[in-house]
**Student:** 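Quick one: the structure is below, and I'll ask about it shortly.
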Amino acid sequence: MQLTNRSKVVSNKKMSFAEKMYLPAIVKGMAITLSHLFRKPATISYPEEKRPIAPVYRGKHVLKRDANGAENCTACGLCAVACPAEAITMTAAERKPGEEHLYREEKYAAVYEINMLRCIYCGLCEEACPKEAIFLTPELVPTYLNRSEFIYGKDKLVEPIDKRVDVTQRQKHLTEKKQ
Amino acid sequence: MGLELLIFKAILVLVIFTITLTIAAYSTYGERKIAAFLQDRIGPNRAGPFGLFQPLADGGKMFLKEEIIPANASAFLFVLGPSLAMLTALMTGVVIPWGDTITFQGVEYSLQITDLNIGVLYIFGVVSFGVYGIMIGGWSSNNKFSLLGAIRASAQMISYELAMGLSIVALIMTTGTLSIKEIVDQQATWHWNILYQPLGFLIFMICAFAECNRAPFDLAECETELVGGYHTEYSSMKLGFYLFAEYINMFISSALMASLYFGGYNFPFMNSLGLDQNWVTILGTVVFFGKVFFFIFVFMWIRWTLPRFRYDQLMRLGWQSLIPLAILNILLTGIFTMREELKNWLFN
Amino acid sequence: MVLYIFYALSVIAMACALLVVFSKNPIHSVLYLILTFFAIAGHYVLLNAQFLAVVHIIVYAGAIMVLFLFVIMLLNLNAETEPHKNTLTKIMATISGGLLMVTLAGAFRVLEKNLGQVTVQNSNVGTIENLGKVLFNDFLLPFEISSVLFLSAMIGAVILGKKQLN
């Protein structure tokens with residue numbers, strides 16, 4: 001069976017004298033490498049130059065707040081169940097009176113941690129989430145010198161109230177995917 | 001031999017020493033840059049503008065690394081190995097004519113440290129002695145892989161020395177002298193020896209690659225497949241010496257190829273420019289270094305083009321192809337130089 | 001000046017030659033032998049025979065001793081593996097060594113008688129031009145025969161290498 005036209009039939013025939021000298025072949029090879037000398041390098045010098053990223057790229061997670069600034073997450077644990085890499089852990093807590101502006105529902109996540117070294121950025125957590133609380137953003141997780149720094153707590157995951165993260169593109173993408 | 005000449009020679013020795021070391025250091029940079037360009041990459045570009053301080057950073061790193069001498073190694077020989085490699089690499093530069101004569105205050109000074117009447121043989125002697133640096137280093141490490149690497153490397157070097165010597169014999173038959181200065185002077189303007197000895201040059205170049213342990217003959221190291229070869233146990237600047245010696249050897253072989261086959265400091269129309277002798281000499285030196293850099297580039301170009309030989313292929317190429325070819329080359333050269341006598345002898 | 005260099009080279013040559021015999025490790029012996037060769041090459045240079053000096057280094061120090069070193073390194077000789085010699089071998093060794101010394105002493109005596117007659121005819125006899133003239137005029141036949149011998153040895157090596165081992 002032939003899948004592409006690029007396959008080559010290899011033969012083990014005896015080489016002719018001209019082929020045995022290898023010199024023409026060597027010159028040909030050197031011409032190929034020389035032609036690469038004048039080609040534009042394919043390198044992207046990462047921290048200064050960045051590869052273009054799709055607006056629906058699956059990068060670092062964000063825990064969303066609602067329009068009033070209260071956290072959407074109810075610590076139901078569906079994301080942790082859905083996670084194939086078992087990267088998500090959480091501890092639930094009950095909302096106290098007077099905290100309505102902080103948490104949308106009666107139950108909330110007191111601790112919410114994602115181990116970014118375990119995470120495979122598959123996006124199953126956001127598909128599992130019934131409250132539209134967790135989304136993946138096109139932002140990349142940076143590198144650290146210490147493994148413990150890769151465990152992101154709520155301080156790094158929940159979006160800041162004054163700097164909301166726009167996830168409309170991702171939301172649209174997810175709803176299209178579900179249909 | 002006046003005092004002025006002595007001072008001039010001392011300065012010349014220092015200058016050539018510095019140039020050799022600088023070029024060897026920057027060959028590592030050039031190697032990595034050219035490798036990168038041939039593979040559509042950028043190469044080192046972090047240390048200084050365009051990564052130009054990379055060799056300094058590498059050298060500093062080498063000096064600061066921990067010095068390890070294996071417990072059962074013979075310490076004296078372990079240190080002697082890289083020192084010998086470095087010594088022999090630096091000794092060859094003495095007989096290479098870096099330029100013609102310069103007239104300064106009415107006195108002529110030659111830009112060659114010493115013009116031995118056996119210059120070519122001197123280089124062979126030093127090169128053949130260079131094997132000991134590798135062998136002693138490999139053996140004194142007290143490691144079987146080092147020993148095998150050393151034996152592999154030195155067997156390769158002494159095998160290819162034969163073909164190299166035979167290719168040079170043909171050259172000497174046409175030039176009639178062993179002094180490199182005279183050989184260069186005979187190639188004035190465009191009468192370069194490559195025109196008379198193309199096959200000899202090819203053999204010489206292949207053998208030079210093998211002598212320098214460069215790809216496609218770098219079986220001595222084979223970083224990717226076999227253990228590092230004779231310098232497996234070496235660390236710090238002792239390893240640096242071995243690697244440095246390799247680059248110096250590359251520079252010297254390029255200089256040798258340029259002066260033996262490509263006219264040295266001669267360039268076409270050098271005498272019809274109407275310039276002062278000193279200017280012609282300086283231009284000639286610049287041209288000579290241009291040729292040398294071209295050959296260094298060829299060394300690197302080949303390294304990043306051709307795959308490595310297998311050891312049996314290497315030995316077969318050396319003993320069964322290059323040596324018979326070199327003998328054939330000697331025969332052809334002999335017939336060519338004696339063609340008049342042969343004609344008389346055959347037809348009368 | 002030349003005399004001092006001569007003495008220095010002689011001392012190096014003798015000391016290294018003695019160390020070849022006395023050092024316990026065969027590798028060290030080989031290395032001392034190489035140093036001896038270098039000292040002798042220095043003597044050749046003092047006699048204005050640069051060609052001989054360089055050829056001496058290329059052939060002896062550069063090729064033959066490398067092969068020596070090869071074999072000794074691969075054999076991995078050391079004090080433990082050295083077989084014990086019995087008394088008979090020791091006696092034989094003493095006798096043959098003594099005989100060699102007698103021969104050398106006799107040769108030296110003969111040489112000493114003629115030593116006064118040695119005169120330097122041409123101080124440049126060792127340069128490559130003069131050597132070539134002598135070899136190709138006075139000693140043409142022996143030189144050519146030995147070169148044919150070497151060529152046949154080299155061709156033999158190539159043929160041995162070409163032989164297919166089944």
Side-chain angles (χ1 to χ4, degrees), chain B residues 74 76-77 80-81 84 88 95 116-132 134-136 138-140 142 144 146-148 150-152 154-155 157-159 161-163 165-166 172 176-179 312 315-327 330-331, chain C residues 23-28 30-31 34-35 37-38 41 44-45 48-78 124 126-132 147 150-151 153-165:
Chain B
S74 59
F76 176 69
L77 291 182
L80 184 71
L84 267 183
T88 49
V95 289
L116 289 182
N117 61 1
I118 43 156
V120 178
L121 284 178
Y122 168 83
I123 283 180
F124 267 89
V126 174
V127 166
S128 67
F129 192 58
V131 183
Y132 286 110
I134 290 171
M135 289 202 83
I136 290 172
W139 180 78
S140 63
N142 200 21
K144 53 187 160 222
S146 293
L147 178 62
L148 287 176
I151 284 173
R152 206 163 60 211
S154 39
M157 279 173 85
I158 50 178
S159 306
E161 234 163 61
L162 290 178
L166 289 174
I172 288 162
T177 173
L178 280 171
S179 148
D312 61 322
M315 282 297 163
R316 198 180 312 144
L317 178 74
W319 288 95
Q320 296 184 11
S321 309
L322 291 183
I323 290 180
L325 260 183
I327 294 176
I330 291 175
L331 191 70
Chain C
S23 56
K24 288 257 193 280
N25 193 325
I27 299 270
H28 292 172
V30 172
L31 295 177
I34 293 162
L35 271 181
F37 283 148
F38 267 87
Y44 283 137
V45 173
N48 211 3
Q50 296 102 330
F51 178 73
L52 217 54
V54 168
V55 167
H56 182 75
I57 286 175
I58 293 176
V59 174
Y60 286 94
I64 293 180
M65 291 322 285
V66 171
L67 296 179
F68 254 74
L69 211 54
F70 246 66
V71 175
I72 290 173
M73 279 180 180
L74 284 176
L75 285 179
N76 196 19
L77 293 173
N78 48 37
N124 282 331
T127 60
I128 185 158
E129 290 89 355
N130 293 323
L131 206 65
S147 72
F150 279 120
L151 187 69
M154 203 148 60
I155 291 169
V158 172
I159 286 173
L160 276 179
K162 266 199 187 305
K163 203 155 95 185
Q164 292 286 326
L165 289 172

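Throughout, protein chains are lettered first and strands after them, A, B, ... in sequence-line order, and every chain is numbered starting at 1.
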**Student:** Is Ile158(B) in contact with chain C via its backbone, its side chain, both, or neither, using a 4.5 Å heavy-atom distance?
**Tutor:**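 The side chain, not the backbone.
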**Student:** Please examine the side chains of Phe76(B) and Ser140(B), heavy atoms only from C-beta on, and report whether any two atoms are closer than 4.5 Å.
**Tutor:**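 No; the side chains remain at least 4.5 Å from each other.
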**Student:** Contact part of Ala155(B) toward chain C, heavy-atom cut-off under 4.5 Å: side chain, backbone, both or neither?
**Tutor:**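 Both the backbone and the side chain of Ala155(B) come within 4.5 Å of chain C.
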**Student:** Verify the neighbour count for atom CZ of Phe68(C): are there more than 12 heavy atoms of other residues, nucleotides or ligands below 6.0 Å?
**Tutor:**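 Open.
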**Student:** In the structure I gave you, are the side-chain heavy atoms of Tyr132(B) and Leu69(C) within less than 4.5 Å of one another anywhere?
**Tutor:**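 Side chain of Tyr132(B) against side chain of Leu69(C), heavy atoms only: contact under 4.5 Å found.
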**Student:** Taking side chain as everything from C-beta outward and backbone as N, CA, C, O, which of these in Leu121(B) sits under 4.5 Å from a heavy atom of chain C? Side chain, backbone, both or neither.
**Tutor:**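 When you check distances to chain C, atoms from both the backbone and side chain of Leu121(B) fall under 4.5 Å.
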**Student:** Let me know if Met65(C) has heavy atoms under 4.5 Å from chain B in its side chain, its backbone, both or neither.
**Tutor:**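 Contact with chain B: backbone and side chain both.
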**Student:** With the side chain counted from C-beta on, respond yes when Leu77(B) and Trp139(B) share a heavy-atom pair under 4.5 Å apart, and no when they do not.
**Tutor:**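 The answer is yes, as the side chains (C-beta and beyond) meet within the 4.5 Å cut-off.
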**Student:** Please flag which part of Ile155(C) lies under 4.5 Å from any non-hydrogen atom of chain B: side chain, backbone, both or neither.
**Tutor:**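 Contact with chain B is absent: no heavy atom of Ile155(C) under 4.5 Å.
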**Student:** Do Asp312(B) and Met315(B) have side chains that get closer than 4.5 Å, going by heavy atoms?
**Tutor:**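 No. Closest side-chain heavy atoms not under 4.5 Å.
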**Student:** Check whether any side-chain heavy atom of Thr88(B) sits under 4.5 Å from a side-chain heavy atom of Val127(B), and report yes or no.
**Tutor:**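 A side-chain contact is absent here, since even the closest heavy-atom pair is not under 4.5 Å.
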**Student:** Heavy atoms only, distances under 4.5 angstrom: which of Ala53(C), Gly62(C), Ala41(C) has the most pairs with chain B? Name it, please.
**Tutor:**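 Answer, by heavy-atom pair count under 4.5 Å with chain B: Gly62(C).
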**Student:** Could you tell me which portion of His56(C) (side chain, backbone, both or neither) has an atom closer than 4.5 angstrom to a non-hydrogen atom of chain B?
**Tutor:**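 Neither part, no heavy atoms under 4.5 Å.
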**Student:** Determine the minimum heavy-atom distance between Ala61(C) and Phe37(C), stating which atoms define it.
**Tutor:**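 Residues Ala61(C) and Phe37(C), closest heavy atoms: N-CD1, 4.4 Å.
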**Student:** Measuring heavy-atom distances to chain C, does Ile327(B) have an atom under 4.5 Å in its side chain, in its backbone, in both, or in neither?
**Tutor:**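 Looking at Ile327(B), just its side chain touches chain C.
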**Student:** For Leu162(B), is it the side chain, the backbone, both or neither that has a heavy atom under 4.5 Å from a heavy atom of chain C?
**Tutor:**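 Nothing of Leu162(B), per the 4.5 Å heavy-atom cut-off to chain C.
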